[in-house]
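Following: one structure in structure tokens, then a few remarks.
Each ligand, and each atom within it, is numbered from 1 in the order the structure gives.
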Amino acid sequence: MALIIAKFGGTSVADIQRIENAASKVVREVEAGNKVVVVVSAMSGVTNKLVEYCAQISPMHDLREYDTVVSSGEQVTAGLMAMALQKHGVVARSWLGWQIPIVTDNVHGKARIENIDTNELQKRLDDGEVAVIPGFQGVTGLGRVATLGRGGSDTSAVAMAAALGADRCDIYTDVSGVYTADPRIVPAARKINKIAYEEMLELASLGSKVLQTRSVEMGAKNGVPIQVLSSFDDEIGSDRKGTLVTTEGSIVEAELVSGIAHSSDESKITVLGVRDVPGIAARLFEPLAKAAVNVDMIIQNISADGLTDMTFTVPRAESALAVKTLEKDVDLTYDKITVNDNVSKVSVVGIGMKSHAGVANTMFRTLAEKNINIQVISTSEIKISILIEEDYTELAVRSLHAAYGLDDTDKIA
Ligand code: ADP
Ligand code: ASP
Ligand code: MG
């Protein structure tokens with residue numbers, strides 16, 4: 001008998017029929033003798049709609065009230081899922097974040113889970129009950145509902161798995177696992193059977209939204225085996241047909257490049273005509289850090305006549321704040337600031353890169369052959385990222401996928 005967390009994403013609970021389909025997978029797990037905790041997302045499109053309502057009231061709305069609104073989508077699905085399970089004769093009960101409680105910090109809109117009290121849940125599980133938990137939500141120490149950031153139900157599920165010491169956290173979604181690139185962009189992408197937390201963390205943070213970054217972080221820290229699989233395939237989690245996110249050591253042969261990620265969620269900001277003297281980077285980036293702007297890639301252009309340009313990227317949602325901060329708080333003279341939203345970041349990720357040269361070279365040659373201009377480059381031990389014009393994203397991802405030998409030739413034929 002195993003304890004399994006089964007999380008169903010928005011498309012997997014998009015309507016009543018799909019909720020019933022998801023419930024039937026849980027029933028099969030229970031019939032196989034497993035204890036199950038179900039974590040559900042809001043029905044597909046619901047959270048977007050709720051976010052839109054908040055923006056319509058005011059773009060500068062109170063984030064505590066935003067959380068009250070957007071957390072409601074998951075509550076609906078949790079109740080419906082419990083009913084669907086009961087219809088199959090399974091003893092099931094829904095538990096909202098505050099009822100467990102899942103305690104978070106006070107950072108509304110992107111709260112972090114601090115503690116989960118599992119006492120009562122554990123007792124119910126031992127009595128054979130299935131718990132259904134709305135993802136994405138928790139309660140702050142001050143007693144207010146908080147949400148965990150978009151895609152946060154993945155994190156709810158992995159946190160639940162860690163707190164309960166579950167054997168596995170199954171993330172049911174609308175694709176059959178983690179692929180070598182987003183299968184919606186690269187038809188020849190291959191499903192990866194096993195991937196290391198470290199690689200998955202890079203892929204997720206570089207734009208592969210199949211798992212929320214924080215859920216992978218939490219899985220790695222607590223050693224939770226995470227399986228990504230499709231709720232539309234016949235298999236259930238215990239058939240082990242999805243992608244297992246696990247420790248590096250258990251992967252027999254690490255690929256040189258495991259996957260390609262892309263993100264169009266970037267803005268490129270250039271500060272033109274700053275004096276090229278020691279300390280300018282500190283003076284530019286310290287106020288941005290204080291304003292909690294997430295600066296990612298940085299380049300300083302060559303200087304002419306003692307002046308230089310500084311270029312860097314920030315998440316698109318933070319570019320207005322970045323510019324405001326530069327204009328208000330930076331103690332520096334410059335000619336002007338430009339913002340370019342027509343960019344995207346493409347990254348190649350692989351643990352095998354640690355011990356191989358030439359990975360970057362293949363990337364640059366491939367893009368050159370396609371006439372794609374590289375605007376900014378950044379690297380780490382297991383990834384190389386480049387910034388390009390947004391219109392070339394798909395071409396770049398597909399070409400790199402082929403260049404690193406990742407294409408599934410059966411799918412191309
Ligand atoms: P859910 O609603 O189930 O949480 P998401 O939309 O958040 O689902 O995540 C699943 C989506 O992630 C897929 O439909 C796919 O388009 C996208 N995706 C991006 N990169 C990858 C990848 N490398 N492997 C699999 N899916 C990916
Ligand atoms: N419903 C939330 C969202 O759309 C959380 C999730 O689905 O993971 O972001
Ligand atoms: Mg998701």
Using a cut-off of 6.0 Å, state whether more than 12 heavy atoms not belonging to [X] lie near its atom [atom1].
{"X": "D126", "atom1": "CG", "value": "yes"}
{"X": "R316", "atom1": "CZ", "value": "yes"}
{"X": "E390", "atom1": "CD", "value": "yes"}
{"X": "F232", "atom1": "CZ", "value": "yes"}

Can [X] be said to touch ligand 2, with heavy atoms closer than 4.0 Å?
{"X": "G135", "answer": "no"}
{"X": "E74", "answer": "yes"}
{"X": "G10", "answer": "no"}

Looking only at protein heavy atoms, which one is nearest to [atom], and what is the separation?
{"atom": "atom 7 (O) of ligand 2", "value": "S41 OG, 3.0 Å"}
{"atom": "atom 15 (C) of ligand 1", "value": "D182 OD1, 3.4 Å"}
{"atom": "atom 2 (O) of ligand 1", "value": "G10 N, 3.1 Å"}
{"atom": "atom 25 (C) of ligand 1", "value": "G177 O, 3.4 Å"}
{"atom": "atom 13 (C) of ligand 1", "value": "D174 OD1, 3.4 Å"}
{"atom": "atom 6 (C) of ligand 2", "value": "S153 OG, 3.3 Å"}

Distance, nearest 0.5 Å, that separates OG1 of T379 from CD1 of I386: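 T379 OG1 to I386 CD1: 13.0 Å, rounded to 0.5 Å.
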At under 4.0 Å between heavy atoms, which part of [X] makes contact with ligand 1: side chain, backbone, both or neither?
{"X": "K209", "result": "both"}
{"X": "A181", "result": "backbone"}
{"X": "K7", "result": "side chain"}
{"X": "V210", "result": "both"}

So, do [X] and [Y] sit near enough that their side-chain heavy atoms are less than 4.5 Å apart?
{"X": "S71", "Y": "T147", "value": "yes"}
{"X": "V139", "Y": "Q99", "value": "no"}
{"X": "I384", "Y": "V359", "value": "yes"}

Are any of the N or O atoms of [X] closer than 3.5 Å to those of ligand 1?
{"X": "G207", "value": "no"}
{"X": "T180", "value": "no"}
{"X": "T173", "value": "yes"}

Measuring from the heavy atoms of G259, does anything fall under 4.0 Å of ligand 1?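 No, that is not the case, since the closest heavy atom of the residue is not under 4.0 Å from the ligand.
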Atom indices of ligand 1, in the order listed, that fall short of 4.0 Å to a heavy atom of [X]:
{"X": "R184", "result": "13 (C), 14 (O), 15 (C), 16 (O)"}
{"X": "P183", "result": "24 (N), 25 (C), 26 (N), 27 (C)"}
{"X": "V178", "result": "24 (N)"}

Any luck finding a side-chain donor-acceptor pair between D309 and T270 under 3.5 Å?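 No, no side-chain donor-acceptor contact under 3.5 Å.
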Which word best sums up how the rings of F285 and F312 line up, parallel for under 30°, tilted for 30 to 60°, or perpendicular for over 60°?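 Perpendicular: the ring planes of F285 and F312 meet at over 60°.
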Please answer whether the main-chain N or O of A92 pairs with a side-chain N or O of E129 as donor and acceptor at a distance below 3.5 Å.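 Side chain of E129 to backbone of A92: no pair is present.
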Applying the side-chain hydrogen bond (donor to acceptor under 3.5 Å, both in side chains) test to K345, which of T313, D265, D296 qualifies?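 Considering T313, D265, D296, a side-chain hydrogen bond (donor to acceptor under 3.5 Å, both in side chains) with K345 is found only for D296.
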Among R150, Q212, M43, which one puts a heavy atom closest to atom 4 (O) of ligand 2?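 Closest candidate by heavy-atom distance is R150.
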Selection from Y179, F8, Y172 by shortest heavy-atom distance to atom 22 (C) of ligand 1: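 Looking at heavy atoms only, Y179 sits closest to atom 22 (C) of ligand 1.
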Do any side-chain atoms of residues 149-158 form donor-acceptor pairs under 3.5 angstrom with protein atoms, and if so which ones, sequence neighbours left out?
unit_1, atom_1, unit_2, atom_2, d
R150, NH1, N48, OD1, 3.1
R150, NH2, N48, OD1, 2.9
S153, OG, S41, OG, 3.3
D154, OD1, K7, NZ, 2.7
D154, OD2, Q212, N, 2.9
T155, OG1, Q212, OE1, 2.3
T155, OG1, S215, N, 3.2
S156, OG, F136, N, 2.7
S156, OG, G152, O, 3.3

